[in-house]
Amino acid sequence: MRLLDWFEPHGRHDLPWQHPRSAYRVWLSEIMLQQTQVQTVIAYFERFTAALPDLPSLAAASHDEVMALWSGLGYYARARNLHAAAKLCMERHGGALPTDFDALLALPGIGRSTAGAILAQAHGLAFAILDGNVKRVLARWRGIDGWPAASAVERELWQFAESLLPNDRLPDYTQALMDLGATVCTRTRPACPRCPLRQDCVARREGRVEQLPTRKPAKILPRRECAMLLAFDESGRVLLQKRGGPGVWNGLWSLPEAPDAYSLAAFIQRHLRTRGAAHVLPAFEHVFSHYRLTITPHRHSAAQARLRVADNNGPELRWAAPAEWPDIGLPAPVRQLLQSQCAHQSTSSEETP
DNA sequence: AAGCCGGGGTG
DNA sequence: CACCCAGGCTT
């Protein structure tokens with residue numbers, strides 16, 4: 001098989017848990033490698049196995065010693081589960097990890113993928129694994145769309161993974177699949193020309209390598225709307241308002257803003273003399289980390305300040321000529337809007353109110 | 001199905 | 001900063 005042929009010269013053969021490849025060491029490595037990269041794990045693995053070389057010694061160790069050996073790896077529930085599982089193996093399985101899939105799955109910290117990895121790597125049994133690397137390889141190879149954590153997609157990936165299992169050399173096959181994901185079929189900039197699966201890789205054929213696996217759907221952000229005033233005076237200056245309050249734009253100069261067109265009209269009436277009605281421009285969206293803001297710009301040309309702009313009680317207002325805009329601290333979407341307006345005004349004829 | 005655990009790397 | 005990484009457990 002192509003994967004095994006690739007593995008001989010290009011796979012990783014020198015990882016510490018491969019020598020010797022005992023069930024205990026495979027198990028420990030699998031737990032350490034959950035959500036943690038190989039580079040990080042190696043030193044911890046060597047320290048841990050030096051102190052606790054086999055399952056009985058782990059079971060006999062104190063909680064404090066186990067946690068100390070784990071310290072720095074994170075996800076400390078993994079260490080607690082590991083220790084508890086070792087003790088359970090002393091009670092239930094004669095001091096060794098079981099070779100039965102369901103018995104493995106019943107141990108704390110061992111899920112479907114880790115159980116499969118232990119059986120395949122330590123015992124050569126035909127069980128599939130499905131970790132992040134393998135999900136990526138399989139999703140690309142077969143062109144599987146959808147977020148891999150979604151249950152339907154995950155089912156499809158497991159099914160594909162199991163359909164691929166060879167009859168022998170399960171330890172090498174399993175390692176080959178992970179190595180391919182880690183070194184060739186990487187998340188960014190995969191080395192497709194070096195991939196043993198490139199001939200029938202669906203993602204490669206369809207040019208979707210970078211798109212697969214489908215990314216986790218972005219969290220749905222709450223939506224907010226506002227109206228912004230683009231008021232220009234006769235000389236082409238725009239009215240700005242200094243933002244106060246707790247918002248993200250506090251302290252920045254921005255366009256006068258109101259929750260809706262009605263409130264904005266009230267603002268205009270209070271602070272400006274304008275000729276004609278507002279010209280409502282197409283709304284656009286700006287995404288913050290915590291919400292989406294839909295901005296509807298309202299443009300007024302030939303506006304004049306009704307009051308002194310430096311009124312003590314009212315909002316802090318000023319007129320700003322286009323030449324000044326680059327030096328004023330403006331929120332990015334406001335700057336963008338002003339620039340598009342500037343370009344628009346210079347290329348189009350006089351607006352009709 | 002979504003949140004959580006946690007430290008580290010990456011664009 | 002968002003997202004991801006040799007996942008699994010809890011709600």
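The chains referred to below are lettered A, B, ... by the order of the sequence lines, with proteins before strands, and numbering in each begins at 1.
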With rounding to the nearest 0.5 angstrom, report the CG to NE2 distance, L272(A) to H300(A). 8.0 Å

Indicate whether OP1 or OP2 belonging to dC5(C) is found under 4.0 Å from a side-chain N or O atom of T40(A). no

Rounded to whole Å, please give me the gap between CE in M67(A) and C1' in dC5(B). 12 Å

If you check the Y75(A) side chain, which of dC5(B), dC4(C), dA6(C) turns out closest? dC5(B)

Minimum-distance nucleotide (side-chain atoms of Q34(A) versus dG7(C), dA6(C), dC9(C)): dG7(C)

Candidates dG8(C), dA6(C), dC5(B) - which lies nearest the side chain of M178(A): dA6(C)

List the steps and the verdict of salt bridge (charged side-chain N to carboxylate O under 4.0 Å, His left out) for D145(A) and R208(A). CA-CA 10 Å; D145(A) 278 300; R208(A) 293 194 295 150; 2.8 Å; yes

Can you identify which nucleotide, out of dA6(C), dG7(C), dC3(C), has its nearest atom closest to the R215(A) side chain? dC3(C)

Please tell me if Q37(A) has a side-chain N or O lying less than 4.0 Å from either OP1 or OP2 of dG8(B). no

Taking any heavy-atom pair under 4.0 Å as a contact, classify G181(A): base, sugar-phosphate, or nothing. nothing

Under 6.0 Å between ring centres, would you say that holds for W70(A) and Y75(A)? no

Is the shortest side-chain heavy-atom distance between I118(A) and F101(A) below 4.5 Å? no

Distance below 4.0 Å between R78(A) side-chain N/O and dG6(B) OP1 or OP2: no

Residue-phosphate contact under 4.0 Å: R136(A) side-chain N/O, dC5(C) OP1/OP2: yes

Could you check whether L28(A) gets within reach of a base, just the sugar-phosphate, or nothing at all, counting any heavy atom under 4.0 Å? nothing

Closest-nucleotide mapping onto DNA chain B: is A149(A) or G74(A) further toward the 5' terminus? I mean the 5' end. A149(A)

The side chain of T188(A) lies closest to which of these nucleotides: dG11(B), dA6(C), dA2(B)? dG11(B)

Considering every strand and a 4.0 Å limit on heavy-atom distances, what is the contact class for Q121(A): base, sugar-phosphate, or nothing? nothing

When we call it a touch if two heavy atoms are under 4.0 Å apart, what does I110(A) touch: a base, just sugar-phosphate, or nothing? sugar-phosphate

May I ask you to say what W70(A) touches in the nucleic acid, namely base, sugar-phosphate or nothing, with a heavy-atom cut-off under 4.0 Å? nothing

Closest approach to the side chain of T36(A), judged atom by atom: which nucleotide of dG6(B), dG9(B), dA6(C) is it? dG6(B)

